[in-house]
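Working notes, beginning with the structure itself.
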Amino acid sequence: MPRYTPAEIEARWQQAWEKDGVFQATRNADKPKYYVLEMFPYPSGRIHMGHVRNYTMGDVIARYKIATGHNVLHPMGWDAFGMPAENAAMAIGGHPADWTYDNIAEMKKQMKPLGLSIDWSREIATCHPGYYGQQQALFLDFLKEGLVYRKNAVVNWDPVDMTVLANEQVENGCGWRSGAPVERRELTQWFFKISDHSEELLSALDSLDNWPAKVKLMQANWIGKSRGLQFAFSTIEAPEGFDRIEVYTTRPDTLLGASFVGISPDHPLAKTLERDDEAVAAFCAECRKGGTTEEAIETAEKLGYDTGIRVRHPFDTAHELPVYIANFILMDYGTGAIFGCPGHDQRDFDFATKYDLPIISTFLPSEDVSPKLSEAYVPQKSEKVFYNRGFAGDQWQTGEQAVDAAIAFCEENGIGQGVTKYRLRDWGLSRQRYWGCPIPVVHCDDCGVVPEKKENLPIELPYDVSFDTPGNPLDRHPTWRNCACPACGKDALRETDTMDTFVDSSWYYARFTAPRADTPTDLEEAAYWMNVDQYIGGIEHAILHLLYARFFARAMQITGLLPESAAEPFDALFTQGMVTHEIYQTRDGNGRPVYHLPEEVTEGKLSDGTEVEIIPSAKMSKSKKNVVDPLQIISNYGADTARWFVLSDSPPERDVEWTASGAEASYKHLSRVWNICDRVSEMDREAPGTGDDDLLRAMHKTIHDVTMGVESFGFNAAIAKLYAFTATLQKSKAGYAAQREAIMTLAQLMSPMTPHLSEDIWAHQGGEGLITKAPWPKADEKMLVDDTVTLPIQINGKRRAEIQVPADMTKEEVEKIALAHEAVIRTLDGATPKKVIVVPGRIVNVVA
RNA sequence: GCGGGCGUGAUGGAAUGGUAGACAUACCAGACUUAAAAUCUGUUGGGGCGUAGCCCCGUGUGGGUUCGAGUCCCACCGCCCGCACCA
């Protein structure tokens, strides 16, 4: 009997697909189109199991859609700009471009053996001038439409290396290379006006029926629409121009509990005071230490500085409040100034306690309770509470009612206005780095900031750059900056900032529809292929990438680069989990952990017999040495085994743990299927069998279940059904015709997951053409329904017995049979049941 | 700190509010074999009793809704993801 030899089979069928050109996508009006896309990879140089899982899922969908008669587009490209290439150049020498292109070549070579249904003729790399030149054209279009502008923004500044740091390069508030404490510094930068589209990006979430609810919720919270009151405190003894301090609050119902006003260290008033007062300057400098992340700001110790300035409470001008500069107030949200109500905000409470400010309640949990002095009272906004300092006298109200009342009251009395605000900030795209898309503008002494002419695109990155000193090599390049002003022709300087790599990934899905077009998109191609029908990627992109891409689709419509129909770029989204692995650890002489690769460990021991501590599953990472190399798996077991395994054990949205025994089991299963195919081939064609009908019924149920599973991303459940059907087939004594039908159907149902093995079985059984192109099997409805059903009988919700009844039996008859069951009679012991619930086809519950 | 998610046997997990543990791993037992590997078959949530059978407990913890809760609601605990210059 021949053995299952994946290496030989897989190479053969990959060649067959290539020769046939089955995955090359062209427009075809006769078939419904289907665009499936996985988030394109960063070319790190090696594929990992996460890639295998991500691309296998997309491949299952793509192959299933081909089989169900769709014209499928399934492209692949490289998110090729970014910091790692520059880091490599700094660490080991070489050039980011060489490093990146070598990595792309290597990863592509590693990806090919997976047998993915990718149209490689559409491959793109964002670092190629053919791509980023079009991105520059797109930027110029955005600029013309007012979708891009310049303003000051804060960056992480390393005072020793004299360079801007990414958040990732800040470790515990210090620069990763210099170790110097990071400061925040302002630079003039380019911004996309995403905030103009806040309402649209928020409300359109409702139309995304095939997106995970959690992603939509995260995006909605990120956009952060709020209704609140904007008003001003009038100041006492403030510097000129600061007669008033504008404040925005979502809790105006607590205004009578205000005990201080806080302003951001970046607030204009703070900056003015800083100029003439060393103490203020020192405090603001202290606040500006540390990174720019919201996390760093929100978790830092709360610090305040009393400016000495006082403001009058708008309702009681005799009531004066101190103005503090406080490090936890963000200039980017609201007006950069707040009023503090320690009674109803824990952060304000902590601040008030620290600086000995009064704590005033405006509402209480009940009329006769006095406020707690140990923590802020912060009930749900929907909860009714007793307002002892409300706007309409003492009364019970929900927070929502009180907020509305407060806004109405303030508007009537000319104190402030109700306004709607969004937390979403404009998207800063400038990066002070080399390995990115150059921003195509020129700075001219006479004309100011001038867009580059489209005929001069692409503005290519110069190759001759050095990475021996920190900072942006474009800044110190001897000639690259020098150019003629596109407006007046005089000597001018190029912008040396490059674009955030999120820009590259915000429109690549559109570029795939016409990857070689000499404009960013080809409207005809885009109109045919867009939107992406199924997008697949990691949950870590739930907010930024997906929000930016949604914004870009709108901006590209405005600039005429996408058709009206493509408002939302991704019709359906699926977020898949990670591939994890156990960590094997021992301790060195000082008790520090030492990690070991999976292949060094057998039965919990190293080769020298040392016991290994096993730490449960964690994300695969080089430093923890718990990485399994897909190439190793493919060479041991074949791609089909790797593909089968990453889909089999866990639901796709959850993490899956890679285990050697699991991989082994997958391989065994595929061998088993192969062996069944072999056995069927050798069967006596004429000999009668038994149980043909049972086998075919099981087959049709499996068709139904697997189809449902694939349609709903229940790959693990679909695979469980395939295991079960394989066992049924293996034991079957049915005749040749039934068994041949069963093994061919099994091969088809497995083909999205294990395409090579399936092709081989198909060919062995004399199937016509490629299984990849064969139409998906259809379940016969008649074969799915059984004549009798098993109904469990519960007494008071506990299962006591079960009965077999005809599927179409009436409720009344079922009830009669159930009550006559000896277990029911025994348990009821003569009592009359209070109630009997019969759910047809499901369950009977007798309430005693 | 803020936002989101997850938690079920020894393990990964299954289960439109309706028989908890499908399927797989691991373990144990058996068949085949001189033996091993491979392959095949079977058992396995915990506890109890008068053991062909029956009973009790059981889905992170505590409460609630329901005839019925792993599933819905509230609180808590633990872990994971994101927080705008990582990709």
Side-chain angles (χ1 to χ4, degrees), chain A residues 39 41-42 44 79 81-84 153 155-156 164-170 189 194 212-215 217-222 224 291-300 302 328 332 346-347 423-433 500-502 504-505 538-545 547-548 575 577-578 616-619 645 648-651 653-657 659 661-662 664-666 668-669 671-672 675 714 716-717 719-724 727 730-731 790-794 796-802 823 826 834-837 839 841-848:
Chain A
M39 291 178 186
Y42 179 79
S44 60
D79 189 13
F81 274 137
M83 291 203 304
V155 293
N156 300 306
V164 176
L165 297 177
N167 285 336
E168 196 188 45
Q169 297 170 316
V170 178
Q189 308 204 58
I194 187 171
K214 64 177 168 182
V215 174
L217 186 57
M218 280 191 260
Q219 290 219 349
N221 288 337
W222 185 260
T292 58
T293 68
E294 198 160 298
E295 185 191 5
I297 293 164
E298 294 277 350
T299 53
K302 309 282 173 282
F328 58 87
D332 288 316
Q346 190 58 41
R347 194 173 57 179
R423 202 182 72 99
L424 180 64
R425 311 202 293 255
D426 277 334
W427 168 14
L429 68 115
S430 300
R431 296 290 181 272
Q432 296 70 41
R433 273 186 277 281
D500 179 7
T501 56
F502 271 122
D504 312 341
S505 54
I539 186 70
E540 66 275 18
H541 294 294
I543 295 172
L544 291 181
H545 163 60
L547 192 61
Y548 291 158
T575 54
M578 294 180 301
S617 216
K619 183 176 184 170
F645 180 76
S648 65
D649 256 12
S650 281
E653 67 275 15
R654 246 196 264 180
D655 294 349
V656 64
E657 181 180 333
T659 59
S661 56
E664 187 73 31
S666 297
K668 280 183 192 172
H669 174 74
S671 304
R672 200 173 299 141
N675 291 338
N716 56 326
I719 283 176
K721 301 289 184 186
L722 288 166
Y723 270 117
Q730 188 159 35
K731 287 175 202 162
T790 305
L791 290 186
I793 300 175
Q794 294 183 332
N796 293 329
K798 287 201 162 94
R799 196 188 78 92
R800 293 296 169 198
E802 58 183 41
R826 176 159 38 84
K834 286 195 190 118
K835 200 170 172 186
V836 181
I837 290 138
V839 184
R842 279 284 171 200
I843 205 163
V844 180
N845 192 11
V846 178
V847 187

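Reminder, nothing fancy here: chain letters follow the sequence lines and each chain counts from 1.
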Determine the interatomic distance between [atom1] on [N] and the same-named atom on [M]; round to the nearest Å.
| N | M | atom1 | result |
| --- | --- | --- | --- |
| A14(B) | A22(B) | P | 12 Å |
| U19(B) | G5(B) | C1' | 30 Å |
| G64(B) | G3(B) | C1' | 27 Å |
| C55(B) | A69(B) | C1' | 23 Å |
| G42(B) | C56(B) | P | 31 Å |
| A84(B) | G78(B) | P | 25 Å |
| C32(B) | A37(B) | C1' | 12 Å |
| G12(B) | U66(B) | C1' | 32 Å |

- Message: Please compare Ala717(A) and Glu298(A) by the position of their nearest nucleotide in RNA chain B and report the one closer to 5'.
- Response: Glu298(A)
- Query: Hey, which of these two, Tyr723(A) or Arg842(A), hits RNA chain B nearer its 5' end, going by closest nucleotide?
  - Reply: Arg842(A)
- Give me the ring orientation class for Phe502(A) and Trp427(A): parallel if the planes are under 30° apart, tilted from 30 to 60°, perpendicular past 60°. perpendicular
- Item | Salt-bridge criterion met for Glu653(A) and Lys214(A) (N-O under 4.0 Å) | no
- Query: Would you write out the dot-bracket form of RNA chain B, 5' to 3', with Watson-Crick and G-U pairs under 3.5 Å, [ ] for crossing pairs, | for pairs to other strands and . for unpaired bases?
  - Reply: (((((((..(((.....[....)))(.((((.......)))).)(((((...)))))..(((((..]....))))))))))))....
Over how many whole Å does the gap from [X] atom [atom1] to [N] atom [atom2] extend?
| X | N | atom1 | atom2 | result |
| --- | --- | --- | --- | --- |
| Leu217(A) | G5(B) | CG | C1' | 10 Å |
| Phe645(A) | A24(B) | CZ | C1' | 9 Å |
| Gln219(A) | G5(B) | CD | C1' | 15 Å |
| Asp649(A) | U25(B) | CG | C1' | 7 Å |
| Glu664(A) | U25(B) | CD | C1' | 12 Å |
| Lys835(A) | U66(B) | NZ | P | 10 Å |

- Message: Considering every strand and a 4.0 Å limit on heavy-atom distances, what is the contact class for Asn716(A): base, sugar-phosphate, or nothing?
- Response: sugar-phosphate
- Message: Need one value for Ser661(A): base, sugar-phosphate or nothing, where a base atom within 4.0 Å counts as base even if backbone is also close, heavy atoms only.
- Response: sugar-phosphate
- Message: Going by salt bridge (Lys or Arg N to Asp or Glu O under 4.0 Å), name the residues that satisfy it together with Asp500(A), two or more places apart in sequence or in a different chain.
- Response: Arg431(A)
- Partners passing salt bridge (Lys or Arg N to Asp or Glu O under 4.0 Å) against Arg672(A) (at least two apart in sequence or in another chain): none
- Task: Applying side chain to side chain contact (heavy atoms under 4.5 Å, CB included), name anything that partners Ser44(A), two or more places apart in sequence or on another chain.
- Result: Tyr42(A), Met107(A)
Does [X] make a side-chain N or O approach to OP1 or OP2 of [N] shorter than 4.0 Å?
| X | N | value |
| --- | --- | --- |
| Ser650(A) | G13(B) | yes |
| Lys721(A) | A22(B) | no |
| Asn221(A) | C2(B) | no |

- Of G7(B), U39(B), G18(B), the nucleotide closest to the side chain of Lys668(A) is U39(B)
- Looking only at side-chain atoms of Asn845(A), point me to the closest of G68(B), G7(B), U39(B). G68(B)
- Message: Please report the interatomic distance CD(Glu664(A)) to CZ(Phe645(A)), rounded to the nearest 0.5 Å.
- Response: 11.5 Å
- For the pair Ile719(A) and Asp649(A), evaluate side chain to side chain contact (heavy atoms under 4.5 Å, CB included) and give the outcome as yes or no after the intermediate values. CA-CA 9 Å; Ile719(A) 283 176; Asp649(A) 256 12; over 6 Å; no
Would you say the side chain of [Y] lies within less than 4.5 Å of the side chain of [X], judging by non-hydrogen atoms?
| X | Y | result |
| --- | --- | --- |
| Leu424(A) | Leu547(A) | yes |
| Asp79(A) | His545(A) | no |
| Val155(A) | Gln189(A) | yes |
| Val839(A) | Leu791(A) | no |

- G4(B): syn or anti, with syn meaning chi within 90° of zero? anti
- Message: So does Ala542(A) get a backbone contact from the side chain of Gln219(A), meaning a donor-acceptor N/O pair under 3.5 Å?
- Response: yes
- Query: Hey, is the main chain of Gly291(A) close enough, under 3.5 Å, to the side chain of Asn156(A) for a donor-acceptor pair?
  - Reply: no
- Item | Contact letters for nucleotides 71-87 of chain B, in which S counts primed atoms plus P, OP1 and OP2 and B counts the base, heavy atoms under 4.0 Å | ----------SSBBBSB
- Task: Using a 4.0 Å heavy-atom cut-off, write out nucleotides 40-58 of chain B from 5' to 3' as B (base contacted by protein), S (sugar-phosphate only) or - (no contact).
- Result: SS-------------SSS-
